[in-house]
Amino acid sequence: MDLPVVLFLLLGLLLDLLSGAVGGILYRVHEEQPPSTLIGSLAADQGLPDTGHLYKLEVGTPYLRVDGKTGDIFTTEIPIDRETLKDCRNKGKPCFLEFEVSVTDLIQNQSPRLIEGRIEVQDINDNTPQFPSPVLTLSVPENTHVGALFSIPLATDKDTERNGVADYTLTAGPEAVALFGLQVAEDRGEKLPQLIVLGSLDRERKDSYDLTIKAVDGGNPPRYSSALLRVVIADANDNAPQFEKSSYEAEVAENSPIGHSVLQVKANDSDLGPNGEIEYTLHQAVDPVPKLLRIDRSSGIIYVKGSLDREEINNLKFYVVARDKGPSPKSSKTYVSIDVTDQNDNAPAVEIRGIGLVTHSDGVANISEDMPVGTAVALVQVSDKDEGENAVVTCVVAGDVPFQLRPASDSSVDNKRKYFLQTTTPLDYERVREYRVEIVAVDSGNPALSSTNSLKVQVTDTNDNSPIFSPTLFEVEFAEENQPGEKVVDVVASDADSGTNAELVYSIIADSSTRGLFEIDPNSGEVRARSPLDREHKERYEFRVTAADKGVPSHRGTATVVIKVLDRNDNDPKFMLSGYSFSVLENMPPLSPVGMVTVQDMDEGENAQVQLSVEPDVGKFVIQNGTGTILSSISFDREKESSYTFRLKAVDGGDPPRSSYVGVTINVLDENDNAPVVTKPSNSSFIRLSPMAAPDSVVEVVKAEDIDSGSNAELVYNIAGGNPHDLFYISPSNGEIILTKELTRKHSGLHRLVIKVSDRGKPSRHAIALVHIYVNETIANVSHVEALVGHSLYTPLDMDIAGDPDYGLAAQRSNIVYGSLAGVAGVVTVIVVVVFIRHRLQREAKSGYQAGKKETKDLYAPKQGPKSGKGRKGKKGKPPKSPKPLGEDEEVSLQKSLKFNLDGVNDSPRIHLPLTYPPGSPDLGRHYRSNSPLPSIQLQAQSPSASQKHQAVQELPAANTFVGTGGDDNSTGSDQYSDYSYKTNQPKYSTKTMLQRHQSAVM
């Protein structure tokens, strides 16, 4: 045997002995053993006790189980597969499965003892060697000399060295048997198959050969597999690349970034050209090497390709092949070993497990309060996957809790330590029932890493406390005439213990005065009366009750019960009257008192405390408890509802309560809170009155209504304005407008009567209405009259509109004209004779029209009609002079005076009266010619349904009525039109006041 192999075996044996010494107890077992295979017996093999002790497996599941009495260790239903164990990936090292067993003395109730050991899992031949591919290709130059060696790809076996690949064989056909052979070398304990060239090769004669290579392991029986080895004959290439070193070793830190250079291998080739150009590749690199490393094909630099984790793999071994680029490339290989060095990238792991009789469930440990100081409640294992200083861990208990850590084994290594978490002071369930124990572990790396884990420790109870009543004196009031078995009081005691130690049984300690009257439920503590009590017989009872727990030995506590017998609620509340009726004025503010009732209850205490309520409660009335005063929640309006009827309910405070009812009627008395409303005629309407109408004839009827009652609804009509000639009279009672005088020519035209309708309330309320009467024989132009009515609506109420306003001025002007004509009549006669011939010639030449002569303006007054056969001609048979035309200044002044202020609330439309009228218009209309800027509109006479937006200027929106209160004679208009004003230069229509804007309502 070679010396290196012997040294390797000796080194492995030494490591095995050292590991056995460190681990304490060592057993060996082959992998894949059936269930319940005995591995070892702790009691028999280690001299441990086999009676009075409990053996419990702490670490080793799911592959192991332990007999609780003997400590025998067995396999389980889950077989041990050496190749799948995480710690058995390195083939050159033994495979160990660690276990921990706690031994608890059941007799002396001491803290458990922890036994640690390892089981060496020995390999069996359960894996077959495998080539990397079923077809292997090998290139051999044709000028290769006899005896040259070429490496063949290796087969791998998951088993260990003995059961791993032990040998290779080569099978060749008749043409290749004399040309190729197989040599198996050994390097670092690994079999390396090599192809030997035995004869001269001629590519022109045959360019490839198919051989069969077979890999056999060392098991018994052996396992093997085969692959096709195809040898391709390439053109001649003189020199093969040669590495500077036969092997390379390097180190790389774990977590090195991708692209980090680890090592450079270097080979030289003495050929020139492509035969001297070298490419580097990884050879026989098994997982995870291809995933973690890569090599630059040109430079031979090996880079980090994936994430390196020393805890997963700490050494990477592979070959690098250098191959030239000649037509028949030659190659050589070198061995590379890279150690992954540690970085402090793993925080310590803190594992908390149960120990001995203390079991853990979902991170909770239970321990009895009577356990002695030093009792272990958990086994804490602290480990660190790093190595060296990075794996040296310090572990402490954080916070102020009665627990500490004690080393559990002397065989612990730096990166794995075990501790007992044990108590330091006595535990008291009644004082603290649970603890949260936090364990902190810190390694020695730079910078240091730490981690924490916690355990919830629940203290279990022992029977060390007596039941306690709270309070110790129970005073209760109990009504007489009770039913047998009726509950009197619940007496409750508490026990600081738990479980059966806190389960209580109640009983009564009765004397002669209470015996047989009361009983108690033994489980709930409910005290019941066994027979009816009579307050007149005895109004107070006193006895004691006791509570005993079910612990061993039992503890008990007592309390006193005092019962005061109360009167029963056997009387209904009673109202003093069988019914109530109240009268109130309308418009009273909410929450005003409307009446008071009185109720009595003959009981005492709460049974006599009466609560009053309104039924049905619709939110209109409330009643004050204590005073019996009924309050209104609303303000009454007699016009909407004149009376209210409801019931009052009186309920006492008894249990069950008693009640009674009484009826209440509230009568609402009227107040003058509504002004009259004129329903006819509309402010914007008019009627025609013939000048021939006889006195005492009814012209119009004003109709109004008032929703109040009594004297508040009695209406009085009077004419408040617009009757300067006393032509009309209105009936105060029925609103009939009667003509009182004969009409003359000066009365022709539009008359506006301001009618005031007042009620007889105190204070009185009134409404204002406009009645338009158009005096004329006919109505040929309705639009003209409607326009006059429109102007009336914009004219202040204190200005009279009554017939022809220019009648007096026209009469004076006519007298002056007639006098002047009489004075110059003689002169005119002489002049006419002298100039007659000349005047005639001038008329013939000008054909009756003079250019440039201004046309005279009309006086816009009605034509003079016949009156008693007079007036058809002027004085001395001459026709009357034409009315004096208005000058330009007078016309402009008139236009300005008729302008309206249109900045009202609702932008009401303007009313414009045309300057010219078609033929056939009434003569009276000329008097009302206007230059108002308001637009023309068409209204129908006596038509209340005409467009509302053009109809009523001074009327209220609802009833075309102006509303006021008694004592106020000023004309008022609606808010909608209160900003309009009207001015005139005519003396008849003086501008005393502007139409004022205010709310027409009772303030």
Residue pair [X] / [Y], side-chain heavy-atom distance below 4.5 Å:
| X | Y | answer |
| --- | --- | --- |
| Asp126 | Glu32 | yes |
| Leu379 | Val59 | no |
| Leu97 | Leu64 | yes |
| Leu421 | Leu455 | yes |
| Phe99 | Tyr27 | yes |
| Asp159 | Ile124 | no |
| Leu229 | Tyr209 | no |
| Asn268 | Pro241 | no |

I need the [X] [atom1] to [Y] [atom2] distance, nearest 0.5 Å.
| X | Y | atom1 | atom2 | value |
| --- | --- | --- | --- | --- |
| Thr75 | Glu31 | OG1 | CD | 13.0 Å |
| Ile313 | Asp339 | CD1 | CG | 10.5 Å |
| Ser225 | Gln130 | OG | CD | 5.0 Å |
| Ser208 | Ile233 | OG | CD1 | 8.0 Å |
| Glu311 | Glu254 | CD | CD | 4.5 Å |
| Arg223 | Asn127 | CZ | CG | 7.0 Å |

Given salt bridge (charged side-chain N to carboxylate O under 4.0 Å, His left out), test Arg323 with Glu279 step by step and report yes or no. CA-CA 5 Å; Arg323 182 177 288 106; Glu279 284 187 342; over 6 Å; no

Check this for me, if you would: do [X] and [Y] make a salt bridge, where the nitrogen-to-carboxylate-oxygen distance has to be below 4.0 angstrom?
| X | Y | answer |
| --- | --- | --- |
| Lys330 | Asp324 | no |
| Glu312 | Arg310 | no |
| Arg230 | Asp210 | yes |
| Lys266 | Glu244 | no |

Is the charged tip of Lys333 near the ring of Tyr335: under 6.0 Å from the six-membered ring centre and within 45° of its axis?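 Cation-pi check for Lys333 and Tyr335: fails.
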
Can Arg118 be said to sit on top of Phe96's aromatic six-ring, NZ or CZ under 6.0 Å from centre and within 45° of the ring axis?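 So Arg118 does make the cation-pi contact.
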
Distance-minimising heavy-atom pair for [X] and [Y]:
| X | Y | value |
| --- | --- | --- |
| Arg353 | His360 | O-CE1, 3.3 Å |
| Ala227 | Ser133 | CB-O, 3.8 Å |
| Asn390 | Gly445 | OD1-CA, 3.4 Å |
| Arg294 | Lys305 | N-CB, 4.1 Å |
| Val252 | Ile338 | CG1-CG2, 3.6 Å |
| Asn344 | Asp386 | OD1-OD2, 3.0 Å |

Can Thr281 and Val320 be said to form a side-chain contact (heavy atoms from CB on, under 4.5 Å), step by step? CA-CA 6 Å; Thr281 57; Val320 174; over 6 Å; no

Just do the side chain to side chain donor-acceptor pair (under 3.5 Å) check on Glu58 and Ser102 with the steps written out, would you? CA-CA 7 Å; Glu58 305 292 349; Ser102 61; 2.6 Å; yes

Short side-chain to backbone donor-acceptor contact, [X] and [Y], under 3.5 Å:
| X | Y | value |
| --- | --- | --- |
| Thr341 | Glu251 | no |
| Thr334 | Lys245 | yes |
| Gln264 | Ser299 | yes |

Residues, nucleotides or ligands: over 12 heavy atoms within 6.0 Å of [X] [atom1]:
| X | atom1 | answer |
| --- | --- | --- |
| Tyr224 | OH | no |
| Lys206 | NZ | yes |
| Glu351 | CD | yes |
| Lys56 | NZ | yes |
| Glu249 | CD | no |

Could you walk me through whether Glu98 and Lys416 pass the salt bridge (charged side-chain N to carboxylate O under 4.0 Å, His left out) check? CA-CA 12 Å; Glu98 297 181 349; Lys416 183 181 291 186; 3.1 Å; yes

Hey, could you give me each pair passing ring-ring contact (aromatic ring centres under 6.0 Å, His included) that has a residue in residues 148-173? Not counting sequence neighbours. none

side-chain contact (heavy atoms from CB on, under 4.5 Å) for Val392 and Asp443? Distances and angles first, verdict last. CA-CA 5 Å; Val392 178; Asp443 62 23; over 6 Å; no

side-chain contact (heavy atoms from CB on, under 4.5 Å) between Phe180 and Leu138: does it pass, once the steps are laid out? CA-CA 12 Å; Phe180 303 103; Leu138 193 63; over 6 Å; no

Partner of Ile73 under side chain to side chain contact (heavy atoms under 4.5 Å, CB included), picked from Asp67, Leu42, Leu57, is Leu42

Quiz question: by atom type and distance under 3.5 Å, do the side chains of Asp157 and Thr128 form a donor-acceptor pair?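 There is no such pair (donor and acceptor under 3.5 Å, judged by atom type) between the side chains of Asp157 and Thr128.
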
Without hydrogens or angle criteria, can the side chains of Asn163 and Asp123 be said to hold a donor-acceptor pair below 3.5 Å?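 Per modelled atom types, Asn163 and Asp123 side chains form a pair under 3.5 Å.
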
Students often mix this up, so state it plainly: with edges at 30° and 60°, are the rings of Tyr319 and His283 parallel, tilted or perpendicular?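 It falls in the perpendicular class, over 60°.
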
Going through the distances and angles, do Asn125 and Asp217 end up as a side chain to side chain donor-acceptor pair (under 3.5 Å)? CA-CA 8 Å; Asn125 191 26; Asp217 65 20; 3.1 Å; yes

Give the C-alpha distance, both sets of side-chain angles, the deciding distance and a yes or no for side-chain contact (heavy atoms from CB on, under 4.5 Å) between Val265 and Ile295. CA-CA 9 Å; Val265 297; Ile295 188 169; 4.1 Å; yes

